Amino acid sequence: MMPEWYQEKPLGEYENIYVVAATEKVQPKRTAAGGGITALLCYLIDNNMIDGAATSARDVEGLGGRIVVARTREEIIRTAGNEWQVLPFTNKLMETIENEDLKKVAVVGLPCQIHFIRQMKTFPLVESNFGNRVQFLISLFCYGTFAHESILNYIKEKHGMDISSIKEIKVSQKSVKFMGEKTLEIPFGELSKYIHMGCLMCPDYTGAFSDISAGNIGGKTIMIVRNKMSEEILREAEGSGYISTSKCDEETVKKIEERAVEKIKRASEYIPRLL
Ligand code: SF4
């Protein structure tokens, strides 16, 4: 049921893997790692290569999320930060791109969202030129997202956290950190029962259908560059002083592969059980 290439190439096809950091030319405020994605989007927008970047932004309270299309570098910097929940992304995105008549959009999303948009670009399913307007797909690494209400109830009941005080939530590979009246860090495993059912069957950790996949590993932005176009853009962004890049070390690549393989195994286990 699962394509064989997932087992053979857990990270999908790629050209190179880099550690990417924003330079002083771009100063992201809330980035989870080195600010590489934000800086790259700033380069694309400053140089008129895109007219908008679609991504998600947290609401002021830090819990809910919404889709935003950032049209300026200031707006891109404001939306920088971690992802928290699955948002009704594609419907809203299609609507926004068409309503605002955007012609060249970069989309930053989760692997499942990027997969869907790639499919729309390659084999359009609906009568819309939405896919043609998306120029660049950036996928975030994703091990799963949580059922919002249930997880908040759990941390209230089990850990006595006042959920109305939560200002920010940081999701990493190992834990989820809730920051409010106090900081509560819970191991990812303890919360795994609140992962969305669909995520348990999802084999794609890095977003194999993106142009670039990016994730925070050890406090750094790691980018998996999947095609020549993306490689060129990265070189140009570096040449223009927006980012610095260095080859990712083998140990980190191995860590990402292990995580990807774990996710494939989880999906292989759950697909026959749940379908
Ligand atoms: S685990 Fe898969 S289905 Fe779930 S949010 Fe991440 S990419 Fe989407």
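Whatever order the structure lists them in is the order used to number ligands and atoms, beginning at 1. Because the structure is predicted, anything quoted here is derived from the model rather than measured. Hydrogens, waters and symmetry mates are skipped; everything else that's a heavy atom, side chains included, is used.
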* **Atoms of ligand 1, numbered as shown, that sit under 4.0 Å from any heavy atom of P111** => 7 (S)
* Identify the two heavy atoms, one from R266 and one from Y143, that lie closest to each other, and give their separation to 0.1 Å. => NH2-O, 2.7 Å
* Do NZ/NE/NH1/NH2 and the carboxylate oxygens of E15 and R226 come within less than 4.0 Å? -> no
* Asked: Short check: any N/O/S atom of C112 below 2.8 Å from atom 8 (Fe) of ligand 1?
  -> yes
* For ligand 1, which atoms, with element, lie under 4.0 Å from some heavy atom of C142? -> 1 (S), 5 (S), 6 (Fe), 7 (S)
* Structure fact -> Restricting to heavy atoms, the pick from M197, K263, M201, H115 nearest atom 1 (S) of ligand 1 would be K263
* Please determine if atom 6 (Fe) of ligand 1 has an N/O/S atom from C199 lying under 2.8 Å away. => no
* Asked: Is there a donor-acceptor pair under 3.5 Å between the side chain of T183 and the backbone N or O of M179?
  -> no
* If you draw the axis of the six-membered ring of Y154, does the NZ or CZ of K193 fall within 45° of it and under 6.0 Å from the ring centre? -> yes
* Show the numbers, then the answer: is there a side chain to side chain contact (heavy atoms under 4.5 Å, CB included) between Y18 and L234? => CA-CA 10 Å; Y18 298 105; L234 218 67; 3.5 Å; yes
* Heavy-atom contacts with L110 under 4.0 Å: which atoms of ligand 1 show up? List them by number with element. => 5 (S)
* To do: Report, in ascending order of atom number, the atoms of ligand 1 lying under 4.0 Å from any heavy atom of T145.
  => 5 (S)
* Structure fact -> Atoms of ligand 1 under 4.0 Å from any heavy atom of G144, numbered from 1 in the order shown, are 1 (S)
* Keeping the roles fixed (side chain from T221, backbone from A21), state whether a donor-acceptor pair exists under 3.5 Å. => no
